[in-house]
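Inspection log for the structure reproduced underneath, given as structure tokens.
Order of the sequence lines sets the chain letters (A, B, ...), proteins ahead of strands, with each chain counted from 1.
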Amino acid sequence: MISVARFDQAKRPTYVASLELVPEVLAGSRLAIARMISRAEGNYAEASAALAEIYKHTGKAHIIGITGVPGAGKSTLVASLIKALTLEGHKVGVVAVDPSSPFSGGAILGDRVRMNDAAEANQAFVRSMATRGHLGGLAPSTLQAVDVLDAAGYSPIIIETVGVGQDEVEIVTAAHTVVVLSAPGLGDDIQAIKAGILEIADIHVVSKADKPEAAATVAAIKGMLALGSGTSHSTWSSPVLAVSSVSGEHMESLQTTLRNHWKHLQDSGEFAARERNNCRTRIFNMARHLFQQQFDAGANDLEQHLQAVVRRESDPRTAANVLLGWNQER
Amino acid sequence: MSTNKIRVLVAKLGLDGHDRGAKVVSRILRDAGMEVIYTGLYKTPTQVVNAAIQEDVDVIGVSLLSGSHVPLFRELCKCLRDHKAEHIFVVAGGVIPEQDYEPLRECGVDVIIPQEARADLIVTTITELVEARGRI
Ligand code: B12
Ligand SMILES: Nc1nc2c(ncn2[C@@H]2O[C@H](COP(=O)(O)OP(=O)(O)O)[C@@H](O)[C@H]2O)c(=O)[nH]1
Ligand SMILES: [Mg+2]
């Protein structure tokens, strides 16, 4: 029998109420920020008043979304941006999303491996999040984590989405500036892969510009953009940049472009429209979430209603009404 | 309804390139439903503690096969105290001879997993540790 050596069994810190953590979050305490994000993520009812309070202090940060297929170089690019932006004096926040295993519900969150050194040397705040079953490229509480960082004074805040395919474009209504990253050498595949996510880019970046194939990929994306429908109402035309996180090539032009886009949003009035749109999406998503919660609360009776529906003694709509706790038919 | 996953930072400290164990343990914990953040190789105790705080992990699991575990764990635990993060459990694994258990306990390591321990023992040990502490 192998025995584990256990020593300190007495670690029981007291639970600090979330509302008491709010001033510490606003003052920038990393322990408090991290704890508040966990409580949002864990969906603690006790934390909702605190998160509402925190929300009042948000709206200051430039939120940048970075998306692209797995292996495109997103995490490495974020690491380079952390270094470059902190040198400019910014307090950079990062929320990096990786998928949860559909089998165990667990996750290995690997983005941090690439960002560790940049984060630790530069006082940035990097938080890894698992999708916990959520589709769309983000985790259910990604935006609440962004809120906490925003209220604590971080800006810009970079969201790294999971590696996306065609239609995981939730980042569009989460960020102010969306960077779509493409790896060189995808050739004709780019057509298929990009169909869904090409349109969402405010800035196109071809990664790994140190590789010779990068120029062809830049040309391919420019070609596709030229075929674009031109329905966009924006006066911003999305540039295509080639950047290397390894050699540092063109990192500066990416920084300049990020700044320019932010300025464009303010000057053109598009910022207000974007904020409205993003907030609307958040309300809808939250409503769906609360709905689901209410439904789950009634789910103990699910089996009984299920049987009735299968036997045609009830119907799906009536059962759903009852499970939601609605007495009258809607 | 509140649901939180057990979060574990799997860390490699110092000049120790043996990463197979750390990767195997990460998979074991993932398959048991935990969220695992892997630091990568050659980290300093300060880097590990900073990452653990930002990620709000319940446990730092350190895999050490280099033989330098006593000084490295001493520094790691001191760093946790300095950052007021002693609520994070420290679990040690890898090649750790039994005569070093006592010095490790003294510096603040909570659990030592012997090299032959099977996956289910690793999982139940960590789960019980976190559950006994409760929600924070
Ligand atoms: C494979 C191996 C290597 C490979 C490593 C490949 C890699 N990328 O990992 C290579 C060949 C590169 C290597 C190199 C060296 N090695 Co070597 N190596 C081993 C060997 C044979 C097996 C280690 C292994 O991978 N096991 C398989 C994994 C899955 O098992 P594990 O790591 O023990 O992990 C399990 C448990 O321990 C536990 N666990 C481990 N960590 C954690 C953490 C937590 C939180 C938990 C919960 C559980 C847990 O769970 C795991 C799964 O069950 C060991 C011998 C041994 N007895 O361990 C020597 C050994 C570790 N190596 C040793 C040495 C000396 C070296 C070298 C210095 C040799 C040299 N002179 O060049 C170099 C150093 C390299 C470096 N940069 O650090 C010594 C270390 C001596 C010491 N500590 O006092 C050992 C013990 C061999 C010996 N008996 O002398 N090595
Ligand atoms: N040559 C080169 N390789 C890179 C560059 N950026 C990332 N990579 C490599 O591409 C792989 C995937 O990078 P990663 O950042 O993890 O991609 P992600 O999955 O999109 O987050 C890694 O092996 C990186 O080292 C770059 O600028 N140049
Ligand atoms: Mg990544």
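The environment of CZ in B:R27 is sparse: at most 12 heavy-atom neighbours from other residues, nucleotides or ligands sit within 6.0 Å. Atom NZ of B:K78 sits in a sparse spot, with 12 or fewer heavy atoms from other residues, nucleotides or ligands closer than 6.0 Å. Counting heavy-atom neighbours within 6.0 Å of A:L290 CG, excluding the residue itself, gives a total above 12. A 6.0 Å sphere centred on CG of A:L324 holds more than 12 heavy atoms belonging to other residues, nucleotides or ligands.
Taking the side chain as every heavy atom from C-beta outward, B:Q54 and A:V94 never approach each other to under 4.5 Å. Residues A:M129 and B:E55 fail the side-chain proximity criterion, which asks for heavy atoms closer than 4.5 Å.
Taken to the nearest 0.5 Å, the CG atom of A:N116 stands 11.0 Å off from the CG atom of B:L41. From B:Q47, atom CD reaches atom CG of A:D117 across 5.0 Å, with rounding to the nearest 0.5 Å. We find the CD1-CZ distance between B:I53 and A:R35 to be 10.0 Å, quoted to the nearest 0.5 Å. Taking CD from A:E41 and CG from B:N4, the interatomic distance works out to 6.0 Å, rounded to the nearest 0.5 Å.
Both the backbone and the side chain of A:L31 come within contact range of chain B, with heavy atoms under 4.5 Å apart. Heavy atoms closer than 4.5 Å to chain A are found in the side chain of B:K43, but not in its backbone. Contacts between B:I96 and chain A at a heavy-atom distance below 4.5 Å are absent for every atom of the residue. Heavy-atom distances place no part of A:F103 under 4.5 Å from chain B, backbone and side chain included. Heavy atoms of B:R7 lying under 4.5 Å from chain A belong exclusively to its side chain.
With respect to chain A, the highest number of heavy-atom pairs below 4.5 Å among B:V90, B:N50, B:T44 belongs to B:N50. When each of A:G110, A:S104, A:A47, A:S101 is checked for heavy-atom pairs under 4.5 Å with chain B, A:S104 comes out on top. Contacts with chain A were tallied for B:A85, B:S26, B:A32, B:G40; B:S26 has the most, counting heavy-atom pairs under 4.5 Å.
Side chains of A:S38 and B:D56: a donor on one and an acceptor on the other come within 3.5 Å.
Taking both residues in full, the closest heavy atoms of B:E35 and A:A130 are given as OE2-CB, 3.2 Å, listed atom of the first, atom of the second, then distance.
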